[in-house]
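A quick write-up on the structure given underneath.
Values below: every heavy atom of this structure, side chains too, minus hydrogens, waters and symmetry copies. Numbers for residues simply follow the sequence, beginning at 1.
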Amino acid sequence: MEDWPIRGEVGAELSRRQFLQRAGVLGAGALIASAVPVARIVIPPKAHADVALQDGTMQAFYDTTIPGRAASVTDLGHEIHPKAIAGVDPDPGAVEADALLLGQDPRLGFTVLVAPFLAELETFALLQGGDFLDLPYDKREAVCLKGLAFSNPTRAVWEAAAAVAFTAFCAAATQVNPTSATASGYRVMGHPGTAPEGYRDFSYGRPLSREMTERGYLD
């Protein structure tokens, strides 16, 4: 089990730019809101796409951001497109953690970015030889690294899309009272999750300190 969600070149690139720290402080919603003006650069006049194909492509992007094992359904039982997960990691990833469901929640705001994001994603994918959903994992990585490059004027849109994956995986944002038994991200990171009744069988094995600081705080 890994205790950190960074996996693959895309995750490593986001880690180098302290993406998780920024996402944690600002929140995915703030990152998405800041990307909306940028999205106007690439948004097509009309966006028509097969819904199942569009969802599968988004799942493939989330799998490239936080790759995972092959799976047919998510933690909450939603369908996973058969081509979405490349299966390059033995543990669950962002797709299994219901990143697609989170991205489709209108309260988050990412729905307004999906069309422009997919338009540019597929443009870059063609340079790698085909539709993003049909590309092997290494070429999917190349597409995402190009989108996240600082030379790309719309990289904020790509970071917003990545924020959805990390929020679904690291924060189990689609679940109420998630635990390691129900949330893939918590299980991979070794986080027990919410425990309304506490964890009676867990202890650090050390007594709590009874010492005080000069001002009376616990030390």
Side-chain angles (χ1 to χ4, degrees), residues 7-11 14 28 31-32 35-36 38-89 92-148 152 154-169 173-174 184:
R7 291 180 260 175
E9 287 299 317
V10 176
L14 290 169
L31 285 176
I32 290 167
V36 171
V38 179
R40 295 183 183 134
I41 299 173
V42 296
I43 192 166
K46 294 182 180 179
H48 299 287
D50 178 81
V51 174
L53 181 62
Q54 177 175 291
D55 289 353
T57 303
M58 284 305 312
Q59 287 180 327
F61 169 78
Y62 295 138
D63 180 64
T64 312
T65 306
I66 304 180
R69 64 188 181 184
S72 59
V73 295
T74 69
D75 289 342
L76 296 177
H78 296 104
E79 184 178 0
I80 296 174
H81 192 286
K83 291 183 178 181
I85 297 179
V88 299
D89 196 278
V95 177
E96 203 168 340
D98 278 288
L100 179 65
L101 180 65
L102 179 62
Q104 292 174 337
D105 190 326
R107 294 172 296 180
L108 191 63
F110 183 68
T111 52
V112 302
L113 294 178
V114 171
F117 172 70
L118 288 177
E120 188 164 69
L121 178 81
E122 293 294 10
T123 298
F124 292 169
L126 288 175
L127 298 176
Q128 293 294 324
D131 294 335
F132 189 79
L133 196 57
D134 294 326
L135 295 178
Y137 184 77
D138 60 337
K139 292 191 175 182
R140 289 182 182 181
E141 274 194 328
V143 170
C144 293
L145 291 173
K146 181 177 177 63
L148 290 165
N152 181 18
T154 60
R155 72 176 184 277
V157 178
W158 291 72
E159 289 195 351
V164 174
F166 277 92
T167 303
F169 186 84
T174 61
S184 290

With sequence neighbours left out, the residues meeting side-chain contact (heavy atoms from CB on, under 4.5 Å) with Ala161 are Phe61, Phe110, Phe117
Main-chain N/O of Ala168 paired to Asp98 side chain as donor or acceptor, under 3.5 Å:
no
Does a side-chain heavy-atom distance below 4.5 Å link Val73 with His78?
no
With sequence neighbours left out, the residues meeting side-chain contact (heavy atoms from CB on, under 4.5 Å) with Ala86 are Asp63, Val88, Tyr137, Arg140
Rounded to the nearest 0.5 Å, what separation is found between the CG atom of Leu127 and the NZ atom of Lys139?
11.0 Å
Any non-hydrogen side-chain atom of Ile85 less than 4.5 Å from a side-chain atom of Glu96?
no
Minimum side-chain heavy-atom gap Ser72-Glu79 below 4.5 Å
no
What is the minimum heavy-atom distance between Ala162 and Thr65, and which atoms define it?
CB-CG2, 4.1 Å
How many angstroms lie between atom CG of Asp75 and atom OG1 of Thr174, to the nearest 0.5 angstrom?
7.0 Å
Is the closest side-chain heavy-atom distance between Cys144 and Phe132 below 4.5 Å?
yes
Between Asp55 and His81, do the side chains contain a donor N or O and an acceptor N or O under 3.5 Å apart?
no
Strictly by side chain to side chain donor-acceptor pair (under 3.5 Å), give each pair with a member in residues 123-135 just once, sequence neighbours left out.
Lys83-Asp134
To the nearest 0.5 Å, atom CD of Gln59 lies from atom CD of Gln54 at 11.5 Å
So how far is it from Thr167 OG1 to Asp105 CG, rounded to the nearest 0.5 Å?
11.5 Å
For the atom pair CG (Leu101) and CG (Leu108), what is the distance rounded to the nearest 0.5 Å?
11.0 Å
CG-CH2 distance between Asn152 and Trp158, expressed to the nearest 0.5 angstrom:
7.5 Å
Student check: side-chain heavy atoms of Val95 and Leu100 closer than 4.5 Å
no
Less than 3.5 Å apart, any donor N or O on the side chain of Glu120 or Thr154 sitting next to an acceptor on the other?
yes
